[in-house]
> 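Below you'll find the structure I mean.
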Amino acid sequence: MEDAGSVATLMDSTSSKIQQLQKAFAELENHRAITLNWKWKQLEEHFHGLEKSLKRRFTELEDQEREFETKIVQSKEMLERRQATVVAKEQDSLARLQQKRDVAVCAITSALEKHRKLSSDEPAFDNSKDHGGAPDKEDKPPDAMAAESNIRELTAPSEIENAAVKLYPELVKLCQEMDSEGLHKFISDNRKNLAVMREEIPNALKAANDPASLVLDSLNGFYSMDMPSSDAKKDSNLLGLRRSCIMLMECLSTSFTNLDQELISGMISSDVKERAKVIAEEWKPKLDELDVDASSGNSLEAHAFLQLLATFGINSDFDQESLSKLIPMVSRRRQTADLCRSLGLSDKMPGVIDVLVKNGRQIDAVNLAFAFDLTEQFSPVILLKSYLSDAAKLSSPSKLGNTSPSAQCDVNEKELSALKAVIKCVEEHKLEELYRLDGLQKRVVQLEKAKADKKRATEVAKPQSKRPRANGAGYGPRVANVAADKSFYVARMTDRYPPYIYDRPYCYSGPTDNHVAPVLGTAAYSLPHSHGNFFGAGYQYQVAAYLH
């Protein structure tokens, strides 16, 4: 405001300045032979014009200043209202939290009272034989008092975790009963809400007397003895069972969150570790029969084996070189990076990425390179361009030896899938500045338009079956379906079962120095349509779902 006042003062003094200038011109005119009246009039008009312009601009600025001050007042009032709303919500949340805390404290207190009664009855009965009376608290031996203290520490968290299992309290009961078969059945029956149930299973496992033993028992039947391996990949029941086994092992690892290695070792007894080693040694020869290329980086068997070693901490009993050879079998699974770190295979990643690149799986290689900070050694842009080049060569009709319309349709579908996979990878890792997507996106639009046109053409060409006659005389002769253009079937099949291309984001976490049991609690399980009544989780690829 002081600046505005000074500006107004200067503007008011403009008239006096003009008068002074006029006097100066008058004096100048007295010293010259010619008159300067016509020049003075021009100058006077010019200065008056400037004065009016400045006053008008000053008035506008004052109006803008008043408008700005009004907006400031309104903003302050709005912020105060929002602050009051936030404070009210915080108070409400604190009140609800206090209610939940009171409920948990009551549950803990009642459990402790029951335990005190049970623990006090047994010593009283034993000591009454020797001393003829109930012992005081001071008469208890130190070991008994320490045991009671430990039980108190374990009982309270258990009650709290049981209270956290809200939607599926049956899980707590099954875990308390150590019923592994019932647990599998319950997971299968509630597979539609598997994402929510997965969040509660780690808490429910803490209610079991021996969570590690329960999870280990759940692995029974992972390999069906009376079923060949080729048929096992088609059996939806067995696939669902295997995914449940992997999920339970991951949930057990999640239940160990925020625990140091000594506590984790104490919760997994030596007997359970020995049983886990026996199971791992039984599974290891079966993995040798797997085809790395056929698994496409999504092998349930290899994933379960690696998760077994990581969850039960027995990876040191197996050769790291042989374990690293299994990583390409699970490279498409988003838990791969965490598994590699927990198994101590981080230093083996350059060799694994080399294998993936040689096998034409550059998308998986890019994701692992970002997960382990190896992008300087393995350039993502070069790998993605190489992937598109290899895809174009492999899907070329001349390469396949077939130039029919159906073959061309299949080629376009593969090219479209490859382009979408590269675009998705570039966007996920924010490589737009290094890899321009304009040309790829235009090509995707062209291929999708050609695909839609082809589909409409084949649907129009499809013959319609005759309706029955109105008089009930029966049906007319059936016209044979002359499939002049077999590409219709190719188009329908490719829509339903598109070729494998990575088309969903990876969620590899960044590198860490922690090599203890992994916390794999972020995987969400969903139900892919290609596996009957069982479930799977992970990212969808365009041919084979990113299952879990």
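Starting from 1, each residue takes its place in the sequence as its number. Quick caveat: nothing in here was measured; it's all calculated off a predicted structure.
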> Could you check whether atom NZ of K273 has more than 12 heavy atoms from other residues, nucleotides or ligands sitting under 6.0 Å from it?
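Yes, NZ of K273 has more than 12 neighbouring heavy atoms, counting only those of other groups under 6.0 Å.
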> How would you list, by chain and number, every residue that makes a salt bridge (charged side-chain N to carboxylate O under 4.0 Å, His left out) with E448, sequence neighbours excluded?
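Applying salt bridge (charged side-chain N to carboxylate O under 4.0 Å, His left out) to E448 gives K420.
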> Walk me through whether L368 and L374 qualify under side chain to side chain contact (heavy atoms under 4.5 Å, CB included).
CA-CA 8 Å; L368 285 178; L374 297 174; over 6 Å; no
> Could you tell me if the side chain of S218 sits less than 4.5 Å from the side chain of L183, heavy atoms only?
no
> Below 4.5 Å, heavy atoms only, C-beta onward: do V366 and I363 meet side chain to side chain?
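Heavy-atom side-chain distance check fails, nothing below 4.5 Å.
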> Hey, could you give me each pair passing ring-ring contact (aromatic ring centres under 6.0 Å, His included) that has a residue in residues 318-363? Not counting sequence neighbours.
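Every ring-ring contact (aromatic ring centres under 6.0 Å, His included) pair that includes a residue of residues 318-363, provided the two are not neighbours, is F305-F318.
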> Over all heavy atoms of both residues, which pair between S255 and K206 is shortest? Give the atoms and the distance, please.
O-CE, 3.5 Å
> From L356 CG over to I327 CD1, what is the distance, rounded to the nearest 0.5 angstrom?
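That separation rounds to 9.5 Å.
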> Residues in side-chain hydrogen bond (donor to acceptor under 3.5 Å, both in side chains) with S386, at least two apart?
Q362
> I'd like to check the side-chain hydrogen bond (donor to acceptor under 3.5 Å, both in side chains) partners of K348; sequence neighbours left out, ordered by chain and number.
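If we apply the side-chain hydrogen bond (donor to acceptor under 3.5 Å, both in side chains) test to K348, skipping adjacent residues, the hits are E321.
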> Tell me, please, which residues at least two apart from D92 pass side-chain hydrogen bond (donor to acceptor under 3.5 Å, both in side chains).
R96
> Looking at residues at least two apart in the chain, or sitting in another chain, which of them share a salt bridge (charged side-chain N to carboxylate O under 4.0 Å, His left out) with D189?
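So D189 forms a salt bridge (charged side-chain N to carboxylate O under 4.0 Å, His left out) with K185.
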> Is the shortest distance from a Lys or Arg side-chain nitrogen in E274 or K277 to a carboxylate oxygen in the other one below 4.0 Å?
yes
> When you measure from the side chain of S389 to the backbone of K385, do you find a donor-acceptor pair of N or O atoms at a distance under 3.5 Å?
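Not at all, since once roles are kept as given, no pair shorter than 3.5 Å links the two residues.
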> Could you measure the distance from the NZ atom of K173 to the CG atom of L171? Nearest 0.5 Å is fine.
12.5 Å
> Can a donor-acceptor pair be found, under 3.5 Å and without considering hydrogens, that links the side chain of R361 to the backbone of P328?
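Judged by distance alone, yes, a pair lies under 3.5 Å.
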> So Y168 and N193, do their side chains get closer than 4.5 Å, heavy atoms only?
yes
> Taking the side chain as every heavy atom from C-beta outward, state whether V330 and L300 have any pair of such atoms under 4.5 Å apart.
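Counting from C-beta outward, V330 and L300 never come under 4.5 Å.
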> Please examine the side chains of H184 and S188, heavy atoms only from C-beta on, and report whether any two atoms are closer than 4.5 Å.
no
> Which distance, rounded to the nearest 0.5 Å, do you find between the CD1 of I246 and the CG of L241?
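With rounding to 0.5 Å, CD1 (I246) is 10.0 Å from CG (L241).
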> Check ring-ring contact (aromatic ring centres under 6.0 Å, His included) between F378 and all other residues, then give those that pass, not counting sequence neighbours.
none
> Measure the CG-NZ distance between L440 and K442 for me, rounded to the nearest 0.5 Å.
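With rounding to 0.5 Å, CG (L440) is 11.0 Å from NZ (K442).
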> Between F372 and I353, is there a side-chain heavy-atom distance shorter than 4.5 Å?
no
> A side-chain contact here means heavy atoms from C-beta on lying under 4.5 Å apart; do R82 and M78 qualify?
yes
> Rounded to the nearest 0.5 Å, what separation is found between the NZ atom of K286 and the OH atom of Y223?
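OH of Y223 is found 7.0 Å from NZ of K286.
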> Residues in salt bridge (charged side-chain N to carboxylate O under 4.0 Å, His left out) with K358, at least two apart?
none
> Which residues pass the side-chain hydrogen bond (donor to acceptor under 3.5 Å, both in side chains) test with N220, sequence neighbours left out?
none
> Not counting sequence neighbours, which residues clear side-chain contact (heavy atoms from CB on, under 4.5 Å) with L434? List them please.
V381, L431
> Using atom types as modelled, flag every donor-acceptor pair under 3.5 Å from a side chain in residues 207-214 to any protein atom, sequence neighbours excluded.
residue	atom	partner	partner atom	Å
D210	OD1	S213	N	3.3
S213	OG	R275	NH1	3.2

> How would you list, by chain and number, every residue that makes a salt bridge (charged side-chain N to carboxylate O under 4.0 Å, His left out) with E177, sequence neighbours excluded?
none
> What's the shortest heavy-atom distance between G182 and L174, and which atoms?
O-CD1, 3.7 Å
> Verify the distance criterion only: is there a donor paired with an acceptor across the side chains of T336 and S331 at less than 3.5 Å?
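Side chains of T336 and S331: no pair found under 3.5 Å.
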> Sub-3.5 Å donor-acceptor pair from the side chain of S342 to the main-chain atoms of L339, do we have one?
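Yes; at least one donor-acceptor contact below 3.5 Å.
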> Might you work through the side chain to side chain contact (heavy atoms under 4.5 Å, CB included) test for E415 and L419, ending with a clear yes or no?
CA-CA 6 Å; E415 182 183 359; L419 291 171; 4.1 Å; yes
> Report yes if the side chains of L345 and V352 come closer than 4.5 Å at any heavy-atom pair, otherwise no.
no
> Set out, in order, the CA-CA distance, both residues' side-chain angles and the distance that settles side chain to side chain contact (heavy atoms under 4.5 Å, CB included) for K454 and N412, then state yes or no.
CA-CA 11 Å; K454 183 67 175 178; N412 293 343; over 6 Å; no
> Can you tell me how far CE of M197 sits from CG of L194, rounded to the nearest 0.5 angstrom?
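It is 4.5 Å, given to the nearest 0.5 Å.
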